Amino acid sequence: MEYDREFLTGTVGVLLLSLLNEREMYGYELLREAERRSSNAFLLKEGTLYPALHQMERSGLLKARWRNSEAGRARKYYSLTAKGRRQAQSKRQQWLQISAAMRSILGDGDA
Amino acid sequence: MPDDIDAIIERIVEAARIPSRGRRDELRRELRSHFEETGRMPEGLDAAVARFGNIADIGDSFRRVYRRDYIAFYVAKVVGCAAAAAMAAILIEGVASLRLATNVDAWYLSPRFAHAAAFGVILALAVVVAAEATRAPFAWSRALFSLGGFVIVSAGASLLNASSAGAIATASILATIGIGVVRNAMTWPSRAALTLAAFAAAEYLRHQSLGITLGPLRALAAGSILLMLWALTMVIVAFADRAFGGAFKTT
């Protein structure tokens with residue numbers, strides 16, 4: 001389903017912070033994980049993902065390190081910093097409150 | 001890795017305008033690692049490329065991420081360029097102000113050295129500003145940044161020394177004349193001759209307005225010194241531009 005871009009603005013950051021709050025991941029893994037968990041509702045483009053990761057890294061929310069996979073392939077893994085964890089928590093709270101408020105306005109059956 | 005993927009990666013890295021070579025290599029490595037990963041998927045590399053998105057848009061997104069680094073690097077280039085041009089101006093005016101005291105057989109600096117050096121520095125700064133402000137392709141942000149910087153420096157100089165306002169105005173006019181001639185004259189000899197004539201005329205008129213007698217030959221000599229200063233400043237600007245552009249080259 002194609003979503004209105006207006007709805008999606010700001011969701012990429014919440015999504016990445018939430019996924020990385022669980023464990024460190026590399027770019028392609030983040031894409032696949034977002035797709036899998038949203039049952040393909042979120043089809044992030046790599047062109048959106050990588051600049052967002054770099055922006056968050058520069059803002060001090062993420063840190064990155066290169067690590068070899070079991071197959072010997074070098075990958076850049078991202079994980080949350082302490083600031084990123086606080087941000088993840090705060091964004092999660094805000095998101096839950098907003099979505100609860102929206103559900104109560106739209107009604108559960110229509111949401 | 002296929003050549004077209006390498007070309008895509010290079011286009012993104014170049015468009016990102018990241019001043020640090022290490023960061024560029026890091027981005028290149030990350031994107032290559034991504035395509036190696038996606039290329040092994042059943043959909044294949046073509047699907048991965050299609051899914052990646054518009055390359056120009058991605059380059060723009062990365063450029064926004066690294067914009068602060070780029071601006072800092074650009075400011076450092078202009079400040080470095082201005083400092084080098086100012087030092088070159090002091091050197092030229094110093095050499096031009098050397099006099100030989102025949103009675104003691106020793107060199108000394110003319111009493112007007114301080115005034116000439118100050119004017120030379122202001123002119124060099126004005127030339128750097130004019131070159132930046134009128135650089136092609138024209139950009140309002142760059143022009144305003146350059147002119148704004150010059151206004152701040154000029155205001156500071158005027159506060160320290162009220163008499164410098166005239167020198168600043170003259171230097172600004174000379175720099176505008178110099179840049180205008182360079183942009184419009186056809187060949188280097190004609191540019192140099194026209195600039196020399198304009199500078200000599202400006203020096204002649206400036207001295208006339210101050211009530212100082214300056215013959216045509218001395219006006220020509222004063223114009224030659226300014227021309228040398230202007231030419232050296234333009235060489236410094238060109239050198240800084242090449243170094244700045246080279247810092248973003250990816251190949």
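Lettering follows sequence order; numbering is per chain, from 1. Note that the structure is a prediction, hence the values are computed from the model and not measured.
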Test salt bridge (Lys or Arg N to Asp or Glu O under 4.0 Å) on A:R75 and B:E30 and set out the steps. CA-CA 7 Å; A:R75 290 166 175 160; B:E30 185 176 19; over 6 Å; no
Give a yes or no on whether [X] atom [atom1] has more than 12 heavy-atom contacts from other residues, nucleotides or ligands under 6.0 Å away.
X: B:R21; atom1: CZ; result: no
X: A:R67; atom1: CZ; result: yes
X: B:R11; atom1: CZ; result: no
X: B:R67; atom1: CZ; result: no

Residues B:V65 and A:P51: closest non-hydrogen pair is CG2-O, 3.5 Å
Keeping B:S33 on the side-chain end and A:A74 on the backbone end, is there a donor-acceptor pair under 3.5 Å? yes
Taking the six-membered ring for Trp, are the ring centroids of B:H34 and A:Y50 within less than 6.0 Å of each other? yes
Under 4.5 Å heavy-atom distance to chain A, tell me which part of B:R29 shows up: side chain, backbone, both or neither. both
Output the option from A:K76, A:E46, A:H54 having the highest count of non-hydrogen pairs under 4.5 Å with chain B. A:E46
